[in-house]
Protein chains: 2
Amino acid sequence: MNDAVDLYLAQWNRERPDLDVSPMAIIGRMNRLQQILGRGVGDHLAEHGLERWEFDVLATLRRSGAPEHRLSAKELVRMTMVGSSAMTNRVDRLVKRGLVHREVDPANRRRVLVGLTSEGFAMVDRVVEDHVANESRLLDGLDPGERERLVHLLRKLLLSLGDSAPEGGQERART
Amino acid sequence: MNDAVDLYLAQWNRERPDLDVSPMAIIGRMNRLQQILGRGVGDHLAEHGLERWEFDVLATLRRSGAPEHRLSAKELVRMTMVGSSAMTNRVDRLVKRGLVHREVDPANRRRVLVGLTSEGFAMVDRVVEDHVANESRLLDGLDPGERERLVHLLRKLLLSLGDSAPEGGQERART
DNA sequence: ATAGAATATTTCGACATCGAAAGGTTTTCC
DNA sequence: GGAAAACCTTTCGATGTCGAAATATTCTAT
């Protein structure tokens, strides 16, 4: 049995046998998995009435923890890998849905603090359990040992690319 | 050393110790890698004057092979995982740049055949070599054995999710 | 022959994102 | 204490994608 990437590697080998296209075996599959898994996650969240980006923001606030379940816009940007302008838009829409509230930080009026409302909190806490169960289902094709090896490899690759826990870390330049 | 995903797994464990969030260790890292690798690929292609979606289309046509380096719009859609309306837009723009030509299939006038112009052909063939070198550089953090194991795991996961070589294969419903 | 089903592409409106620039606020440093 | 630099968020215009509907062509079955 071949996957879609096997085909295009074979095509490249036929057309350009001089080229070593083996990196595509990884990067191409990563692309495809991203799309397929993304749809699997998105379809499931839609059943709970959430878009993927909504869940991302709510979950980021939820796991940032007590007491306030609250982060500044900048911290949200850092955690979610979207630009600041996209975050403004996301928060706008979540405020309209009543899932988060936004207020100027009284201690530093440049900052905006975004926090979960009780509806938002209830929503994440209700959905997240099903969400991880769904993710687990998507990974059913790998046994526990394989999953562990995959985690290890992905983690090593991420670290080699300079990804690091954003504890005051350096972000990509963004406006 | 921790990557960004280690942090949010730890946060979930603190906030919801009842939950097994281990699937996120894979899916979360896949998301992040996708973004970081995507930027690495895109920035490099930009140096050659190409957008990522442009390269995707040109490369798909190039590797589809002689004699004509030509595919129908539908085949392009199947190979690239974008919707048909996005493909119309992509081809429009590539035609304007003179990199592909579009013509109605005389044998079946519903179909549109898209083929590389000689400029398009020269462009891909010039860029692809650098492109794979760049991809290889992005994967430098893994040694050859690790890359091989990663390929194996990603491939197995893809197959378990129903991805298969699109030789008349069943695609996802799209309008 | 022809109505209707099936197939293939394009058009249309909506939407999420991006990067640059603008708008406020605070800090720094003379 | 005030000007300039640094900081944080929002606004703006552009872009690329999506899904549904529209258009155009071919196939099927009577």
Side-chain angles (χ1 to χ4, degrees), chain A residues 31 34-36 38-39 42-43 45-46 50-57 70-97 100-115 166 168 170-175, chain B residues 31 34-36 38-39 42-43 45-46 50-57 70-97 100-115 166 168 170-175:
Chain A
N31 272 315
Q34 174 64 14
Q35 294 222 41
I36 293 173
R39 190 177 282 266
D43 287 354
L45 288 175
L50 282 178
E51 301 288 328
R52 209 161 181 235
W53 61 262
E54 293 180 305
F55 182 78
D56 282 348
V57 175
R70 183 143 86 151
L71 292 172
S72 74
K74 185 170 201 198
E75 290 169 315
L76 273 173
V77 162
R78 203 175 50 197
M79 308 282 267
T80 54
M81 290 192 102
V82 299
S84 54
S85 49
M87 189 53 71
T88 297
N89 186 37
R90 288 182 175 193
V91 174
D92 281 349
R93 304 163 76 84
L94 286 169
V95 168
K96 272 186 204 128
R97 278 197 70 176
V100 307
H101 53 86
R102 166 162 46 191
E103 51 204 84
V104 172
D105 182 350
N108 181 343
R109 304 207 330 283
R110 285 174 297 192
R111 303 208 315 154
V112 167
L113 297 175
V114 180
Q170 72 286 25
E171 321 102 62
R172 260 207 154 280
R174 268 209 207 273
T175 306
Chain B
N31 273 316
Q34 174 64 14
Q35 294 220 44
I36 294 172
R39 192 177 281 265
D43 287 354
L45 288 174
L50 282 178
E51 301 288 330
R52 203 144 131 71
W53 61 262
E54 292 180 305
F55 182 78
D56 282 347
V57 175
R70 184 144 85 151
L71 292 171
S72 74
K74 185 171 198 193
E75 290 169 315
L76 273 174
V77 163
R78 203 175 47 200
M79 307 283 267
T80 53
M81 290 192 103
V82 299
S84 54
S85 50
M87 189 53 71
T88 296
N89 185 38
R90 288 182 175 194
V91 173
D92 281 350
R93 304 163 76 84
L94 287 168
V95 168
K96 272 186 205 129
R97 278 196 70 175
V100 307
H101 52 86
R102 165 161 46 190
E103 51 203 84
V104 171
D105 182 349
N108 180 345
R109 304 206 331 281
R110 284 173 299 191
R111 303 210 312 155
V112 167
L113 297 174
V114 181
Q170 72 288 23
E171 322 101 62
R172 254 204 159 286
R174 270 215 206 272
T175 307

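Computed from a predicted model, the values in this text were never measured in an experiment. Chain letters run A, B, ... following the sequence lines, proteins first, then strands; residues in each count from 1.
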Between atom CZ in A:Arg52 and atom C1' in D:dT17, what is the gap in whole Å? 16 Å
Within residues 103-111 of chain B, the residues having a heavy atom closer than 4.0 Å to DNA chain D are B:Asn108, B:Arg109, B:Arg110
Tell me, do B:Val112 and B:Lys74 make a side-chain contact under 4.5 Å, heavy atoms counted? no
Would B:Asp105 and B:Arg110 pass as an ion pair if we require N to O under 4.0 Å? no
I'd like to know if A:Arg70 pairs up with A:Glu103 as an ion pair, taking the criterion as any Lys NZ or Arg NE/NH1/NH2 lying under 4.0 Å from an Asp or Glu carboxylate oxygen. yes
Can you see which heavy atom on B:Glu51 is nearest to which on B:Leu45, and at what distance? O-CD1, 4.4 Å
Test item: B:Trp53 and B:Asn89 side chains (from C-beta on) under 4.5 Å apart, heavy atoms: no
With rounding to the nearest 0.5 angstrom, report the CG to CE distance, B:Asp92 to B:Met87. 11.5 Å
Answer yes or no: is there a side-chain heavy-atom contact under 4.5 Å between A:Arg102 and A:Leu113? no
Nearest heavy-atom neighbours spanning B:Arg52 and A:Asn31: NH2-OD1, 3.2 Å
Check each of B:Arg90, B:Arg93, B:Arg97 against B:Glu54 using the salt bridge (Lys or Arg N to Asp or Glu O under 4.0 Å) test, and report the only one that passes. B:Arg97
At how many degrees, to 10°, do the end axes of the helix from C:dA1-D:dT30 to C:dC30-D:dG1 meet when each uses five pairs? 10°
If you restrict it to nitrogen or oxygen atoms, what contacts under 3.5 Å exist between nucleotides 14-17 of chain C and the protein, and what is each distance?
residue : atom : partner : partner atom : Å
C:dA16  : OP1  : A:Arg93 : NH2          : 3.2
C:dA16  : OP2  : A:Arg93 : NE           : 3.1
C:dA16  : OP2  : A:Arg93 : NH1          : 3.1
C:dA16  : OP2  : A:Arg93 : NH2          : 2.6
C:dT17  : OP1  : A:Arg90 : NE           : 3.2
C:dT17  : OP1  : A:Arg90 : NH2          : 2.4
C:dT17  : OP2  : A:Arg90 : NE           : 3.3

Nearest listed nucleotide, side chain of A:Thr88, among D:dT10, D:dC8, C:dT9: D:dT10
Provide, to the nearest angstrom, the distance between the CG atom belonging to B:Leu71 and the C1' atom belonging to C:dT9. 16 Å
Considering only heavy atoms from C-beta outward, does the side chain of A:Val114 approach that of A:Leu76 to under 4.5 Å? yes
Regarding A:Arg102, tell me which of base, sugar-phosphate or nothing describes its non-hydrogen contacts under 4.0 Å with the strands shown. sugar-phosphate
Whole-Å distance between D:dC7 C1' and A:Leu113 CG? 15 Å
Can you see which heavy atom on A:Ser72 is nearest to which on A:Arg111, and at what distance? CB-NH1, 3.5 Å
Let me know the distance between CG of B:Leu94 and P of D:dG16, rounded to the nearest Å. 11 Å
